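Keep in mind that this is a model prediction, so the values were computed, not measured. Chain identifiers are assigned alphabetically (A, B, ...) following the order of the sequence lines, protein sequences preceding nucleic acid strands; residue numbering begins at 1 within each chain.
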Number of protein chains: 4
Amino acid sequence: MPTQTFFNLPEEKRTRIINAALKEFATLCFDHASVAHIIKMAGIPRGSFYQYFNDLKDLYKFIIDLTGERKISYLKEHVPQFEGKGFDFFQTLRDLCIAGLRFAEENPELLAIGNNFLKEPNKALKDEVMGEQLLKAQDIYTRMVQKGIELGQINPQIDPLLAGHFLGIWSASLSEYYIFQLQTIAANPSIDEISLLKDPQSLKHLDQMLDLLAHGLANKSPLGGEHDDDPARRQSNPKNF
Amino acid sequence: MPTQTFFNLPEEKRTRIINAALKEFATLCFDHASVAHIIKMAGIPRGSFYQYFNDLKDLYKFIIDLTGERKISYLKEHVPQFEGKGFDFFQTLRDLCIAGLRFAEENPELLAIGNNFLKEPNKALKDEVMGEQLLKAQDIYTRMVQKGIELGQINPQIDPLLAGHFLGIWSASLSEYYIFQLQTIAANPSIDEISLLKDPQSLKHLDQMLDLLAHGLANKSPLGGEHDDDPARRQSNPKNF
Amino acid sequence: MPTQTFFNLPEEKRTRIINAALKEFATLCFDHASVAHIIKMAGIPRGSFYQYFNDLKDLYKFIIDLTGERKISYLKEHVPQFEGKGFDFFQTLRDLCIAGLRFAEENPELLAIGNNFLKEPNKALKDEVMGEQLLKAQDIYTRMVQKGIELGQINPQIDPLLAGHFLGIWSASLSEYYIFQLQTIAANPSIDEISLLKDPQSLKHLDQMLDLLAHGLANKSPLGGEHDDDPARRQSNPKNF
Amino acid sequence: MPTQTFFNLPEEKRTRIINAALKEFATLCFDHASVAHIIKMAGIPRGSFYQYFNDLKDLYKFIIDLTGERKISYLKEHVPQFEGKGFDFFQTLRDLCIAGLRFAEENPELLAIGNNFLKEPNKALKDEVMGEQLLKAQDIYTRMVQKGIELGQINPQIDPLLAGHFLGIWSASLSEYYIFQLQTIAANPSIDEISLLKDPQSLKHLDQMLDLLAHGLANKSPLGGEHDDDPARRQSNPKNF
DNA sequence: AATGAATGAGAATTCATTCAT
DNA sequence: TATGAATGAATTCTCATTCAT
């Protein structure tokens with residue numbers, strides 16, 4: 001945690017430091033972030049940095065927490081049925097995705113930071129930072145699936161844990177797609193400030209992904225003849241091993 | 001590319017260097033790999049390194065290519081219908097996963113390298129290295145989906161590009177899950193040399209993931225009343241926008 | 001010297017600062033002691049420190065003086081014949097040693113501080129601090145020797161100054177031995193609170209050292225044939241020069 | 001240990017580095033020595049230092065070993081009876097002292113380094129460095145005392161370990177006394193290059209110290225009435241406890 | 001071609017002391 | 001007088017790359 005000194009700072013200065021850190025961690029992963037950059041951007045002396053934070057990791061943890069909190073509170077605000085009644089699994093998921101997308105558009109740096117964090121190769125660091133975050137995305141998905149099953153919206157044969165895992169992958173894939181789009185837009189000066197949310201293509205992509213999630217890849221049309229994917233039967237084919 | 005000098009080296013020495021590099025990049029991501037480590041492991045003088053490679057990136061690209069080639073040729077060898085006739089999408093995908101898993105078990109270093117590469121945060125580097133790989137996993141998946149649609153095995157409504165993208169991440173995540181299992185096993189001395197392939201639990205997990213992929217999450221039972229997830233209708237709820 | 005501000009401080013606060021300083025200098029030598037530690041332990045703000053003391057050296061000198069004074073007054077209290085009549089050199093020395101030992105046991109921090117000071121490598125600092133101590137141990141020894149000679153207890157041939165020097169070394173050796181014992185005890189949790197004073201081994205060691213001091217190393221038994229150590233004669237051996 | 005690279009260096013450069021280090025460690029204790037100083041004195045780049053030594057401690061250990069070796073070999077050369085026959089305890093001790101003194105005069109830096117090392121407050125460091133030195137001064141003294149007892153030159157009642165410990169401190173103190181003299185001379189430009197060894201006053205001081213060591217302080221003359229210092233009897237006086 | 005020493009910019013971190021409130 | 005934030009010089013150590021032999 002930052003020191004009390006940091007929290008005693010005048011708002012303007014504290015904001016300057018936080019913004020510098022956000023920029024740094026959005027651009028570079030933890031191991032490439034540098035104190036030198038940050039103090040330069042924030043316009044504070046070297047010594048001050050260490051009066052505010054034990055080290056770079058201290059600041060990093062603070063920033064990751066901040067990022068998580070901001071996203072959670074954004075989602076809670078924009079997806080009210082998230083924890084309430086009248087829950088509809090796919091509608092909620094769609095709302096979550098759209099809110100997430102909007103959040104990403106409004107806070108591209110936070111998105112980038114979250115993404116860098118997910119890719120963080122240093123497991124120890126990741127765990128240390130994660131350990132202090134109470135709620136992980138996957139857990140939320142698992143709980144959503146359970147609720148969906150209870151309400152008869154999700155196939156009750158499905159293991160909620162497994163489905164939570166699957167959903168985690170699914171949404172990571174989604175956000176990677178949007179990051180890519182955003183970067184393409186950002187890199188292209190001719191497109192200026194076009195919101196992905198106003199782009200029907202984006203929503204179409206989202207709905208296709210939702211459809212994929214709901215009904216799978218397999219063709220149900222009787223004409224094609226649905227594939228038999230009973231796992232037990234598959235194992236009977238030994239020629240591949 | 002490595003210099004001609006490198007390829008002129010006696011096989012034994014070249015292998016020593018390659019193995020050292022494999023070990024280094026399996027352990028550390030590109031930015032943490034160090035020339036110092038590699039030359040020490042390979043037992044070659046510092047100057048020689050720069051006579052074989054322009055710099056570390058040069059070697060990295062070479063190693064990534066090598067890794068990709070080895071995996072591709074492994075898959076081609078072990079999943080014959082991959083490019084042949086009698087194609088069955090889900091069977092092929094399952095075979096690919098299992099072959100990938102076996103490859104990972106047999107070449108844990110190559111797996112780790114591939115995984116580190118996927119997580120590489122330096123986009124410029126990633127693109128540069130990627131650019132030189134002719135065939136990306138995602139492209140293969142896209143083509144598989146196209147074939148599946150042609151043969152009536154995959155829902156023709158689905159955009160092959162979108163599905164290919166999703167499958168790429170889905171399978172990477174799957175292999176990450178197995179790496180984690182492998183590491184857990186490796187860390188536990190009481191379990192010795194048990195192959196994941198012989199563990200029915202592992203295959204069950206794989207088959208469940210394939211099932212989700214094929215049929216989705218939604219409950220089809222008429223009792224529960226299938227959720228109406230027509231995308232067009234969803235958009236009718238304006239309160240979130 | 002500390003500022004008047006310091007002496008005006010409420011007793012409780014002044015004590016807190018002194019105790020923090022005692023702890024710091026008992027643990028670390030002057031060059032490793034840090035203002036940061038001390039203000040943290042004492043719970044005073046950084047700025048206050050510099051309002052009480054010019055710098056760390058100022059505090060250090062104060063603490064060293066304090067240490068010396070406390071020891072002197074302890075000895076005066078517990079070794080009454082120290083300055084009085086009925087003086088017996090060896091008995092007094094023994095009493096001094098035992099009182100010193102007891103003082104050390106009762107004030108391990110002061111002992112450690114004194115010891116750190118003796119080892120202080122910065123000569124300039126040492127002299128500066130020493131210069132302000134009125135009475136050095138060696139002077140006391142010299143005066144004791146003079147008295148011993150007057151009373152026929154010490155060999156009158158001996159130069160009191162030289163003997164004082166010798167006694168200084170002798171007692172340093174003794175105290176080093178006891179510090180070592182104390183540290184051994186402190187490091188060994190199974191021995192708890194056993195006083196060195198109650199350990200007959202310790203007293204035996206002291207008495208052997210006193211014997212060494214009184215009679216020297218040389219063997220007086222006629223059988224061994226006492227060594228001729230007349231200095232004048234030694235110089236006649238030129239081969240070493 | 002320094003790296004092979006260091007030993008491969010041209011003699012001239014290696015000597016420059018060693019001399020710079022000798023100067024540094026003679027002037028400052030380990031914790032105040034600085035790589036910056038040393039590389040400046042030696043005229044080598046920062047990076048080179050770390051190609052020769054792991055860190056400052058590595059160099060320090062090397063220098064301490066060097067110092068010890070040089071002194072030991074000097075003493076072996078100049079005090080032949082040190083390990084040979086015809087051993088005479090006090091004569092040998094005197095020769096050792098004089099040789100040590102001469103060594104100190106010829107190598108004031110080595111003397112200062114040894115002295116700084118003896119005062120080193122960091123016990124862990126001291127042990128680590130010491131651990132690699134085979135023969136400690138104190139052990140030598142203990143063995144000398146044992147020999148002296150065997151040959152009837154030393155009072156057999158004396159515990160050799162105790163006496164060895166005492167002799168270690170005694171001789172260190174002696175050399176410290178002479179360092180002080182040397183420094184006084186060095187600081188006084190009017191006295192130029194007068195060897196302490198040619199100063200009869202110095203030898204007189206040494207011989208007096210040896211005399212005290214051999215015969216103790218006590219007055220043996222029957223007139224004075226020798227003090228009764230039987231330890232058992234001393235304890236009968238309870239008033240001090 | 002092989003070798004391995006030379007280089008110096010750049011990273012993090014510490015700390016005594018000053019100064020504005 | 002009390003306070004605690006500001007400061008920046010000084011420290012160690014790393015490492016990719018070059019260059020002379």
Within the distance-only criterion (no hydrogens, no angle test), does the side chain of [X] pair as donor or acceptor with the backbone N or O of [Y] below 3.5 angstrom?
X: B:T5; Y: B:Y52; result: no
X: A:K126; Y: A:L118; result: yes
X: D:N107; Y: D:E109; result: no

Please check if the distance between the ring centroids of B:F117 and B:F30 is under 6.0 Å.
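Not close enough - the centres of the two rings lie 6.0 Å or further apart.
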Using ring-ring contact (aromatic ring centres under 6.0 Å, His included) as the criterion, list what pairs up with B:F49, not counting sequence neighbours.
B:F53
Which residues pass the ring-ring contact (aromatic ring centres under 6.0 Å, His included) test with D:F25, sequence neighbours left out?
D:Y60
Does anyone know the first and last nucleotide of DNA chain F in reach of chain C, 5' to 3', at under 4.0 angstrom to a heavy atom?
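The contacted stretch runs from F:dT1 to F:dA5.
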Which residues, if any, of residues 4-16 of chain A bring a heavy atom under 4.0 Å of DNA chain F?
A:T5, A:N8, A:L9, A:K13
Among residues 26-45 of chain C, which ones have heavy-atom contacts with DNA chain F below 4.0 Å?
C:P45
Output field dot_bracket for DNA chain E (Watson-Crick or G-U, both distances under 3.5 Å, | for other-strand pairs) contains .||||||||||||||||||||
Can you sort out the partners of A:K23 under salt bridge (Lys or Arg N to Asp or Glu O under 4.0 Å), two or more places apart, ordered by chain and number?
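Salt bridge (Lys or Arg N to Asp or Glu O under 4.0 Å) check on A:K23 returns nothing, list empty.
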By side-chain hydrogen bond (donor to acceptor under 3.5 Å, both in side chains) - contacts of [X] (at least two apart):
X: D:K13; answer: none
X: D:N8; answer: D:Q4
X: C:D31; answer: D:H32
X: A:E11; answer: none

Selection: residues 46-60 of chain B, any non-hydrogen atom under 4.0 Å of DNA chain E
B:R46, B:G47, B:S48, B:Q51, B:Y52
Would A:K57 and A:E128 count as a side-chain contact (heavy atoms from CB on, under 4.5 Å) here? Give the steps.
CA-CA 10 Å; A:K57 197 168 69 185; A:E128 190 180 345; 3.3 Å; yes
Compare all side-chain heavy atoms of A:L66 with those of A:L110 and state whether any distance is below 4.5 angstrom.
no
Whether A:K119 and B:E120 form a salt bridge (side-chain N of Lys/Arg under 4.0 Å from carboxylate O of Asp/Glu) is what I want to check.
no
Taking the inter-plane angle between the rings of A:F62 and A:F7 on a 0 to 90° scale, is it parallel (under 30°), tilted (30 to 60°) or perpendicular (over 60°)?
perpendicular
